[in-house]
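Here's the structure we're looking at; comments come further down.
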Protein chains: 2
Amino acid sequence: MNIEGFRHASYQAIDRICDYFLSLEERPVLPSVQPGFLRGLLPNHVPDSGEDIQQIADDFRDTILPESILGELYSSSIANPGFNWHCSPVSTELEEIVMDWSCKLLGLSDAFLNTSETGGGVLGTTACDSVLVTIVAARTTFLQLNPGLSQQDLVLYITSQTHILGCKAAAILGLAYTVLEVAKEGDYSLRGKTLLAAIKKDAGNGRHPFFLIATVGSTSNGSVDRIDELGPILVSNGIWMHVDAAWAGLALACPEYRDVCQLEAINKYADSFCINFHKWGLVSLEASALWVRNRQWLMQALDVTPEYLRTIHVEDNVNDYRNWQFSLSRRSRSLKMWFVLRGFGIQGLQGYIRKTISLCQMFYKLVENSSDFQLVGRPFLSLAVFRLRPKDSLLFSVNADEQTLNDLNRIFHRKLLIHDLFLTQTMLDGMFCIRFNVGATRTEERHIMNAWKTICSQIEPAIAEWVKYYVP
Amino acid sequence: MNIEGFRHASYQAIDRICDYFLSLEERPVLPSVQPGFLRGLLPNHVPDSGEDIQQIADDFRDTILPESILGELYSSSIANPGFNWHCSPVSTELEEIVMDWSCKLLGLSDAFLNTSETGGGVLGTTACDSVLVTIVAARTTFLQLNPGLSQQDLVLYITSQTHILGCKAAAILGLAYTVLEVAKEGDYSLRGKTLLAAIKKDAGNGRHPFFLIATVGSTSNGSVDRIDELGPILVSNGIWMHVDAAWAGLALACPEYRDVCQLEAINKYADSFCINFHKWGLVSLEASALWVRNRQWLMQALDVTPEYLRTIHVEDNVNDYRNWQFSLSRRSRSLKMWFVLRGFGIQGLQGYIRKTISLCQMFYKLVENSSDFQLVGRPFLSLAVFRLRPKDSLLFSVNADEQTLNDLNRIFHRKLLIHDLFLTQTMLDGMFCIRFNVGATRTEERHIMNAWKTICSQIEPAIAEWVKYYVP
């Protein structure tokens, strides 16, 4: 949708919200629908091509109430705490449906569908929240299966490339954690043998690993843990595997990236899987999709139902999404997903993902062909990590030590920050590096070229400043 | 603002969002402002009277970027993860400011202001999340002060009237909890002597209470714990007091309700205080305001900062709100607060609160004067709890046992659910009761009268059904 299309659709959204408010008094307070009503009304997968916004808006009026900002706008107009099926059937069922659509879009196993026997998906706020919820479910399940143990006997596994959500979750829940090492030579992927050694060591110390956060597309440099190697070891040791693909997981929408994202192993071994549609999925914050292989694991940990939350639908076995999360009330996040998935369609989303990856490839070829820069690690999807390392400069010859290069790159990074770029930094194996990521729908080749020009323009000034500070 | 005013303001919002998108390429990527820039530009309290929406919209364009739905609409148009001051200065500072505005609006102590030496406020998602965050902060602080102890030595205090968030939080964090008894005779308020007895008993068992959830306006019946009695005991035992006023706290905006909500004791003793602006504060989900007396308690528990999140502003001591919550990314929730607080003004909010309370008073006078119903407990603010108890009926005379009355009221409640009312139920001291709460801006006297008519119309059918089922 272009900007004028957005303006037109938004005017209409406003008019319909006004109609809704004007007719509020005539509308029934209580839902008259039966559980499952919505599945019959909607298709069971994302449309191949993007649909016309008018069709989506009409469906909203006719089915739901009666593109992301529009979804949010409509969603804001409905007071909807969403904790029980009964107080918001359409919100609950639309969430079940868009999660199933997304599951199919990404090629995830049918075991994760809400229509499956045991699995299911829920749309939460952030990947941090999603991992917290799954750790609590895993801890409860593990302690039930091992009645002699208590929380302080447990240990959580992360790697040095796991997103900060790992050790923050451990701190929040008061759990011990072990950081498993990943090596530069293995592209910073967690390997099976490292995991095995850690399990063996913990067994000797009487500590019980119960949860591993495996990453597909780490924040620092896009590394991918070896789910295929880790899976069998975790299964045989009764350890939960959570796959955090918050950023990179959207690439699964394109079949050609499924192997590199280890989809087959994820489908075989992951107990839970998380991606953030607000990262690379064109949906506005917050939209963190979490799938679990067994929804009962969440419910037995999180279902605490007092009298004032019981509804007459308990016996219908309806889904109350409050039992999949920490909070009771919840915003309806499914509407914006629904607008985006329908508005873009499978092909539209694939086209967008492919375009951002190809723009990033354009950038890292510029880096590769430059004698001033060095790629750090292998670029992955739409992320390239690099640092300044002027090969022709006597000051920074091949023998320049890491400290010198880090000093230079810190100065260089600060110089970039005062221009029209926002590139964040990271540390990899002691190397200070700069991250280049493409994600916006409006980014074109000329923006990449402009960024490259800006980056190159700061080489000389950065070296001059380094000389001023560090050369005696 | 009426519906036509909303339509006009929304059209304008859409046009301005389009202008924003059209000018995106010319806008700087990085903020050029210095920490604290926004305080100088905005007043330091909520305006007395509601402001014109045009003024607010112009300020949004001129100051921020460029009523709740409008705030959400503008907020959806900005991609803004909000975890660092640096990646969203205006979002961070506007949140600090609206939290300070709200602090003053409610008459909370200056110790809770973000501009104070140690306290501060943050706008989160729900009261469930707010209490989880404070429990984690309290646990970390308590264990630091008592180095010999571990998490399993701790115990959390709630009452039988505490919202379900209490035992759900304990389940999530793997903490033991004790339910302190509250009595019907004391209006279901937690008293000092009950707390003292529990502390004494736990000391004998080697358990360490570290956190109490005190409630101002319980979900079941609006009961208020005796903060004044609990405060000194908690202080002398080093126990954190969290005051959950999620629903009732908004009444503090009206000076005449401050005593009954125990404002003075809250200001003296509460370590943390929570209200949900999405409940009775006219703001859409999610908008849970949390104030703490010492923001360092949150940060020392929740600040985990890797290299890729460090910004050049660390040395400026800027506020990174990610360290006040579990998640890293966060939606900008302050914009909708800002629109509502300015659009209504202090007098507008007070008028709305007073109107809903007076409508509820109208309802409970109808109940009091009816020989068919009984008020259960004392109505509080806009909440009345009642049950069917036909005094003139031989079947349900004064001597009718509780089981009989509960059977009757369950039937009665189900009958009400098929009409134009959504009244939830609760259990108080073994009595099945029905909750009547007024909260919508558009509710008028005629709606209360209609509700009363509907309620009365179901007495006969409910009794008839009870007879059919229960009389041999």
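First the proteins, then the strands, lettered A, B, ... as listed; each starts at 1.
Interatomic distance, OG of Ser329(B) versus CD of Glu286(A), reported as 8.0 Å (0.5 Å rounding). Note that CD of Gln325(B) is 8.5 Å distant from OG1 of Thr125(A), once rounded to the nearest 0.5 Å. Atom CG of Asp303(A) and atom NZ of Lys168(B) lie 7.5 Å apart (nearest 0.5 Å). A distance of 5.0 Å separates CZ in Arg7(A) from CG in Asp15(B), rounded to the nearest 0.5 Å. Annotation: the span from Asp129(A) atom CG to Leu328(B) atom CG amounts to 11.0 Å, rounded to 0.5 Å. For the atom pair CG of Leu165(A) and CZ of Phe326(B), the computed distance is 13.5 Å after rounding to the nearest 0.5 Å.
Annotation for Phe142(A): atom CZ counts as buried by contact number, over 12 foreign heavy atoms lying within 6.0 Å. Atom NE2 of His447(A) has more than 12 heavy atoms from other residues, nucleotides or ligands within 6.0 Å.
Proximity to chain A (any heavy atom under 4.5 Å) is shown, for Leu143(B), by neither the backbone nor the side chain. Interface remark: Ile135(B) contributes no atoms to any contact with chain A (heavy atom separation under 4.5 Å). Within the 4.5 angstrom heavy-atom criterion, only side-chain atoms of Ser150(A), from C-beta onward, approach chain B. Ala171(B) touches chain A through backbone and side chain together, each having a heavy atom under 4.5 Å away. No part of Leu175(A) comes within reach of chain B, as not one of its non-hydrogen atoms sits under 4.5 angstrom from that chain. Proximity to chain B involves both the backbone and the side chain of Leu173(A), based on heavy atoms less than 4.5 angstrom apart.
Side-chain contact between Gln152(B) and Gln151(A) is absent, with no heavy atoms from C-beta onward closer than 4.5 Å.
The two residues Ser327(A) and Cys128(B) come nearest to each other via the heavy atoms CA-CB, 3.6 Å.
At distances below 3.5 Å, at least one donor-acceptor pair connects side-chain atoms of Arg139(A) with backbone N or O atoms of Ile172(B).
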